[in-house]
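Notes follow once the structure below has been shown.
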Amino acid sequence: MKKLSAILTTLLLMIFSNLSLAGTSEVTWTNPDDYRDVHAGEGHRSKFKARVFASFDAHFAQLAEKLPDGQTLLIDVTNVDLAGDVNHGGMRRIRVIKELFIPRMAFSYQLVDQNKQEISSGEVNLKDMRFMMGSKLRYRNDTLAYEKKMLDNWFAETFTKK
């Protein structure tokens with residue numbers, strides 16, 4: 001019985017210690033009215049923009065959870081160009097996704113430790129010219145699928161030890 005209790009205690013400690021091994025993120029949206037394309041197809045434009053920013057905030061937070069405990073990923077977004085383009089023809093506005101309209105995002109990042117000491121930083125201009133190639137789209141039911149995939153690739157290349 002003591003052996004089983006010790007094993008369960010060890011397992012619980014392992015599970016809960018892994019939960020605490022997560023970094024955080026802070027995202028700043030600089031001059032969002034000047035971004036190239038964060039336009040709604042159907043619906044209210046400011047609500048669409050708020051949903052897009054909230055979705056990116058959550059995605060950066062999800063990526064930052066892969067960082068060691070105590071590290072913070074500071075992101076300052078300076079431009080967003082969503083995949084596709086909003087067709088302004090007629091009464092209905094719709095976003096048309098074609099290979100011609102690639103997703104882009106520009107931001108600077110800074111990775112800091114718990115003492116706010118910089119670990120790494122950089123200026124990033126992401127674009128995915130092959131965003132429609134391949135069939136393994138993790139976020140296939142997400143409106144920002146191509147952009148999230150692009151951010152995942154950047155994060156893996158930047159913060160995963162090779």
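Note that the structure is predicted; figures quoted are calculated from it, not measured. Note that these values count all heavy atoms, side chains included, but never hydrogens, waters or copies made by symmetry.
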Check against side chain to side chain contact (heavy atoms under 4.5 Å, CB included), Ile119 and Val112: CA-CA 5 Å; Ile119 298 169; Val112 297; 5.8 Å; no
Any side-chain donor near an acceptor of the partner, Asp76 and Thr30, under 3.5 Å: yes
Under 3.5 Å side-chain donor-acceptor pair for Thr24 and Thr72: yes
Steps toward side chain to side chain contact (heavy atoms under 4.5 Å, CB included) verdict (Leu63, Leu73): CA-CA 9 Å; Leu63 291 172; Leu73 181 61; 5.5 Å; no
Nearest heavy-atom pair of [X] and [Y]: which atoms, and what distance?
| X | Y | answer |
| --- | --- | --- |
| Ala83 | Glu147 | N-OE2, 2.5 Å |
| Ala106 | Asn125 | CB-OD1, 3.2 Å |
| Phe131 | Phe101 | CZ-O, 3.5 Å |
| Lys49 | Pro32 | NZ-O, 3.6 Å |

Shared hydrophobic cluster, Leu74 / Phe53 (ILVMFWY, side-chain heavy atoms < 4.5 Å): no
Interatomic spacing from [atom1] in [X] to [atom2] in [Y] - rounded to 0.5 Å:
| X | Y | atom1 | atom2 | result |
| --- | --- | --- | --- | --- |
| Asp113 | Glu118 | CG | CD | 10.0 Å |
| Gln62 | Phe155 | CD | CZ | 10.0 Å |
| Asp85 | Arg36 | CG | CZ | 9.0 Å |
| Asn153 | Lys148 | CG | NZ | 14.5 Å |

Would you indicate whether the side-chain heavy atoms of [Y] and [X] approach each other to under 4.5 Å?
| X | Y | result |
| --- | --- | --- |
| Tyr146 | Ile102 | no |
| Val77 | Phe56 | no |
| His59 | Leu151 | yes |
| Val52 | Tyr35 | no |
| Arg104 | Leu126 | no |
| Glu65 | Ser25 | no |

Ignoring hydrogens and geometry, is there a side-chain-to-backbone donor-acceptor pair from [X] to [Y] under 3.5 Å?
| X | Y | result |
| --- | --- | --- |
| Asp128 | Arg130 | yes |
| Ser121 | Gln110 | no |
| Asn31 | Asp34 | no |

Worked verdict on Val27 versus Phe107 for side chain to side chain contact (heavy atoms under 4.5 Å, CB included): CA-CA 10 Å; Val27 181; Phe107 58 91; over 6 Å; no
Evaluation steps, salt bridge (Lys or Arg N to Asp or Glu O under 4.0 Å), between Lys66 and Asp152: CA-CA 11 Å; Lys66 298 174 185 175; Asp152 288 352; 5.4 Å; no
Chi angles and distances behind the side chain to side chain contact (heavy atoms under 4.5 Å, CB included) call for Asn79, Met105: CA-CA 6 Å; Asn79 196 13; Met105 185 178 276; over 6 Å; no
Aromatic ring pairing Trp154/Tyr109, orientation class (parallel under 30°, perpendicular over 60°, tilted between): perpendicular
